[in-house]
Asker: 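Mind having a look at this structure? Questions to follow.
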Amino acid sequence: QVDLVESGGGLVQAGGSLRLSCAASGRTVSIYAMGWFRRTPGKEREFVAAVTWSGDNTYYADSVKGRFTASRDSAKNTVYLQLNSLKPEDTAVYYCAADRTWSGSRVITSRAQYQYWGQGTQVTVSS
């Protein structure tokens, strides 16, 4: 019972920046973490970044570490992904996801860890 609404995607030149937003509604008090994933043609959705809802701990894929920054604003029930130094290989549909698991083993980089997903927003980086 968590609804996610994403925004911020668009077209940008190589080396440019974008800021993605994901607003959560519903039973947001039960969310443990929010994740960002992306899908490119011919590949499954891959982990990009994640942030815990209360502890503000962040996690990043090696491919984006140092370029992307995840953050959250609990008062606004919103998470963000700042994309800097964008490359054409970053072109993908970006999704946010919510994890409501509070116990048991956790793999925060796995798609299976998350129960709710946004609609996705297209990011296109031109050469």
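Remember, it's a predicted structure, so these values are computed and weren't measured experimentally. Quick note: numbers below take in every heavy atom, side chains included, and nothing from hydrogens, waters or symmetry partners.
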Asker: Take Met34 and Leu4 through the test side-chain contact (heavy atoms from CB on, under 4.5 Å) and record every step on the way to the result.
Answerer: CA-CA 10 Å; Met34 296 286 291; Leu4 305 174; 3.7 Å; yes
Asker: Give every donor-acceptor pair under 3.5 Å between a side-chain atom in residues 10-20 and any protein atom, sequence neighbours left out.
Answerer:
unit_1, atom_1, unit_2, atom_2, d
Ser17, OG, Asn84, OD1, 2.9

Asker: Suppose the criterion is salt bridge (Lys or Arg N to Asp or Glu O under 4.0 Å): which pairs have a residue in residues 66-77, not counting sequence neighbours?
Answerer: Arg67-Asp90
Asker: Going by side-chain hydrogen bond (donor to acceptor under 3.5 Å, both in side chains), name the pairs with one or both residues in residues 117-127, residues two or more places apart or in two chains.
Answerer: Gln122-Thr124
Asker: Any disulfide (SG to SG under 2.5 Å) involving residues 34-80? Give me the pairs, sequence neighbours left out, ordered by first then second residue.
Answerer: none
Asker: Among residues at least two apart in sequence or on other chains, which ones pass side chain to side chain contact (heavy atoms under 4.5 Å, CB included) with Val29?
Answerer: none
Asker: Please collect all ring-ring contact (aromatic ring centres under 6.0 Å, His included) contacts where either partner lies in residues 1-23, sequence neighbours excluded, each pair once.
Answerer: none
Asker: So which heavy atom on Thr78 is nearest to which on Ser21, and how close?
Answerer: CG2-CB, 4.5 Å
Asker: List the residues meeting ring pair (Phe, Tyr, Trp, His ring centres under 6.0 Å) with Tyr116, not counting sequence neighbours, and say none if there are none.
Answerer: none
Asker: At what distance, to the nearest 0.5 angstrom, does CD1 of Ile108 lie from CD of Gln113?
Answerer: 7.5 Å
Asker: Write out all pairs satisfying disulfide (SG to SG under 2.5 Å) with one or both partners inside residues 3-116, taking only residues at least two apart or from two chains.
Answerer: Cys22-Cys96
Asker: To the closest 0.5 Å, what do you measure between CZ (Arg27) and CG (Asp3)?
Answerer: 13.0 Å
Asker: Do Leu81 and Val79 share a hydrophobic cluster (ILVMFWY, side-chain heavy atoms under 4.5 Å, transitive)?
Answerer: yes
Asker: Taking all heavy atoms of Ala70 and all of Thr58, pick out the closest pair and write down the distance.
Answerer: O-CG2, 3.6 Å
Asker: Could you grab the distance from atom OH of Tyr95 to atom CH2 of Trp36, nearest 0.5 Å is fine?
Answerer: 12.0 Å
Asker: Would the distance check show the side chain of Thr69 and the main-chain N or O of Gln82 forming a donor-acceptor pair, the cut-off being under 3.5 Å?
Answerer: no
Asker: Table please: side-chain donor-acceptor pairs of residues 44-55 below 3.5 Å, with sequence neighbours left out.
Answerer:
unit_1, atom_1, unit_2, atom_2, d
Glu44, OE1, Arg111, NH2, 2.9
Glu46, OE2, Arg38, NE, 2.8
Glu46, OE2, Arg38, NH2, 3.4
Thr52, OG1, Asp56, N, 3.0
Thr52, OG1, Asn57, N, 2.9

Asker: Give a yes or no answer on whether the side chain of Thr91 reaches the backbone of Pro88 with a donor-acceptor pair at less than 3.5 Å.
Answerer: yes
Asker: Out of curiosity, Leu83 CG to Phe68 CZ, how far, rounded to the nearest 0.5 Å?
Answerer: 4.0 Å
Asker: Is there a path from Tyr32 to Tyr60 through hydrophobic residues (I, L, V, M, F, W, Y) whose side chains come within less than 4.5 Å of each other?
Answerer: no
Asker: Residues two or more places apart in sequence or in another chain: which of them pass ring pair (Phe, Tyr, Trp, His ring centres under 6.0 Å) with Tyr80?
Answerer: none
Asker: Residues two or more places apart in sequence or in another chain: which of them pass side chain to side chain contact (heavy atoms under 4.5 Å, CB included) with Thr40?
Answerer: Lys43, Ala92
Asker: Suppose the criterion is disulfide (SG to SG under 2.5 Å): which pairs have a residue in residues 97-127, not counting sequence neighbours?
Answerer: none
